[in-house]
Amino acid sequence: RPRSRGIMGRLASRPLFFQVRPSGADDASVLGAQTAQEVLLGYYESQDWEVLREDLDWVTWLGGTGVLAVEWDSSAGVGIHDPETRVPLSSSDGKRRLKTGDVCLSALSIAEVTTEPGTRNIERALWWQKCVALPPEQVKEMFGLSETPRPDAGAMQSPMQYRLLTSREQASAHEELTLVHTHYERPSDANPEGQAVVVVGEERVEESKWPFPFTDRLNLACTRETKVHGRWTGDTILTAARVPQMALNQSWSSIVEHMKRAGNARGWVNQATSDMIEDLTDTPGEYGTYVGPEKPFWLSPPQMPSWWISQPDRLVAFIDEQLGSVEVARGVAPRNVESGLGLSILSENANTPISSLAKEDSRVWGRTA
């Protein structure tokens with residue numbers, strides 16, 4: 001976790017910056033590009049894209065794949081009023097106020113997204129779906145439902161998975177949540193109008209045509225930590241780091257257990273003088289008695305082998321090498337390297353492992369913009 005936090009900090013050290021290139025050299029094209037850039041800046045600030053960016057980076061780092069979805073929210077935007085009476089207008093059923101609507105972004109993990117089986121590029125697939133779990137009352141308010149939907153998110157967890165959870169995770173697993181499925185399908189020969197459908201339980205709570213002006217791609221962009229050929233999903237280096245992390249945890253547990261059980265030096269005295277132990281010394285420690293004429297002596301705890309003591313350090317170094325979190329990347333000067341040129345070369349090599357993820361991050365936000 002400390003190494004992951006450092007990597008995420010380096011990845012998000014610079015704020016997002018959008019630059020729109022003019023389509024031509026005339027004044028109208030330049031003005032249009034500047035206007036588009038100001039529009040992006042407005043969304044960047046009003047929708048807090050920096051927080052969303054960190055969320056996307058984390059789900060990509062932990063799960064290997066992240067999805068940045070662009071959706072149309074009919075409940076967002078400015079309320080619509082009657083032009084004559086200035087009375088706020090409502091939907092035909094009177095359950096919700098009419099608004100102009102607006103686009104909104106959401107960062108989704110690999111566990112919340114699915115698409116056509118076997119597709120290699122989710123952005124060019126015909127359809128995709130997202131599934132999120134929300135509180136039932138919130139779902140009722142979002143879609144103007146007459147009744148509170150049934151909490152059905154518990155169906156996502158099998159009894160075996162539930163038994164493996166900790167007590168705190170079990171408590172959160174018992175929260176009543178409702179699954180909201182959203183299906184997006186872009187126009188095609190089979191379905192020229194496309195569709196966008198929201199399903200809660202077994203009921204379609206919203207249904208419309210494809211709400212976007214583009215039809216050659218879906219309304220999302222996908223980022224991957226480590227690309228895998230032939231798949232739209234990626235992998236993460238954390239998969240390889242988990243095994244040495246387990247060995248590191250076991251090694252530390254073994255050392256701590258050894259310190260707890262064998263780290264106390266014990267004194268031995270003749271059994272005949274056991275009644276006088278408190279008068280002989282006040283040194284803390286446990287005393288034992290023996291039969292024999294020998295003088296009292298100290299029994300030192302068994303010594304741990306040197307390889308056992310240094311094993312955690314070797315495992316930490318191995319994890320750092322896998323994650324690209326070497327000393328210079330953490331602000332620690334390596335041993336025997338004192339020149340500025342040497343430190344610069346090491347710093348550049350340390351940033352190499354996350355360069356591909358940074359480029360993926362830039363590409364995804366550029367396509368989203």
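- Residues Tyr184 and Trp127 have side chains not in contact (no heavy-atom distance under 4.5 Å, counting atoms from C-beta outward).
- The closest side-chain heavy-atom distance from Leu126 to Ser188 is below 4.5 Å.
- Distance alone, capped at 3.5 Å, places no donor-acceptor pair between the Glu185 side chain and the Gln195 backbone.
- By the neighbour-count criterion of 12 heavy atoms within 6.0 Å, atom CG of Asp26 is densely surrounded, having more than that number from other residues, nucleotides or ligands.
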What do the steps show when you test His183 against Val199 for side chain to side chain contact (heavy atoms under 4.5 Å, CB included), and what is the final call? CA-CA 8 Å; His183 174 88; Val199 178; over 6 Å; no

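- In this structure the side chain of Trp61 reaches within 4.5 angstrom of the side chain of Ile237, judged on heavy atoms.
- Under the 3.5 Å distance criterion, the side-chain polar atoms of Ser29 are left unmatched by any main-chain donor or acceptor of Pro22.
- Rounded to the nearest 0.5 angstrom, Asn121 CG and Arg217 CZ are separated by 11.5 Å.
- Within a 6.0 Å sphere centred on CD of Glu116, heavy atoms belonging to other residues, nucleotides or ligands number more than 12.
- Residues Leu134 and Val132 form a side-chain contact, since some pair of their non-hydrogen atoms from C-beta on lies under 4.5 Å apart.
- Side chain of Glu176 to main chain of Pro135: no donor-acceptor pair is present (N/O by atom type, distance under 3.5 Å, no hydrogens or angles).
- Remark: Lys140 does not engage Glu147 in a salt bridge, criterion side-chain N to carboxylate O under 4.0 Å.
- Look at Glu225 and Lys359 and you find no salt bridge, because none of the NZ, NE, NH1 or NH2 atoms lies under 4.0 Å from a carboxylate O.
- Relative to the six-membered ring of Phe17, Arg14 misses at least one condition, a distance below 6.0 Å or an angle of at most 45° to the axis.
- No side-chain N or O of Ser253 forms a donor-acceptor pair with one of Asn249 less than 3.5 Å apart.
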Please test Lys130 against Glu112 for salt bridge (charged side-chain N to carboxylate O under 4.0 Å, His left out), starting from the C-alpha separation and ending with a verdict. CA-CA 5 Å; Lys130 78 167 186 176; Glu112 298 173 312; over 6 Å; no

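- Side-chain contact of Thr148 with Glu137: a donor-acceptor pair under 3.5 Å is present, judged by distance alone.
- In this structure, the side chains of Leu218 and Phe212 stay at 4.5 Å or more apart for every pair of heavy atoms.
- To the nearest 0.5 Å, atoms CH2 (Trp365) and CZ (Arg53) are separated by 8.5 Å.
- The backbone N or O of Arg186 lies less than 3.5 Å from no partner atom in the side chain of Asn191, so there is not a single donor-acceptor pair.
- The closest donor-acceptor contact from the side chain of Thr65 to the backbone of Gly234 lies under 3.5 Å.
- Arg314 and Gln311 form a side-chain donor-acceptor contact under 3.5 Å, judged by distance and modelled atom types alone.
- The pair Asp216-Arg124 counts as a salt bridge, with a side-chain nitrogen and a carboxylate oxygen less than 4.0 angstrom apart.
- The backbone N or O of Gly42 sits less than 3.5 Å from a side-chain atom of Ser46, completing a donor-acceptor pair.
- Ser251 places no side-chain N or O within donor-acceptor distance of the main-chain N or O of Ala247, the cut-off being under 3.5 Å.
- Taking the side chain as every heavy atom from C-beta outward, Ser208 and Trp72 never approach each other to under 4.5 Å.
- One distance of note links CG of Asp57 with CG of Leu357; it measures 6.0 Å at 0.5 Å rounding.
- Side-chain N or O atoms of Glu71 include none that pairs as donor or acceptor with a backbone N or O of Cys104 at under 3.5 Å.
- Of the possible donor and acceptor atoms, one in the side chain of Asn219 sits under 3.5 Å from a partner among the backbone N and O of Val70.
- Using a 4.5 Å cut-off on side-chain heavy atoms (C-beta onward), Ser4 and Leu238 make contact.
- Under the 3.5 Å distance criterion, the side-chain polar atoms of Gln129 are left unmatched by any main-chain donor or acceptor of His181.
- Taking CH2 of Trp58 as the reference point, atom CZ of Arg5 lies at 7.5 Å (rounded to 0.5 Å).
- From Lys227, atom NZ reaches atom SG of Cys222 across 9.5 Å, with rounding to the nearest 0.5 Å.
- Inter-residue side-chain proximity for Leu56 and Leu68 is flagged as met; some heavy-atom pair is nearer than 4.5 Å.
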With side chain to side chain donor-acceptor pair (under 3.5 Å) as the test, would you mind laying out the steps for Thr115 and Trp232 before giving the verdict? CA-CA 10 Å; Thr115 186; Trp232 71 268; 5.8 Å; no

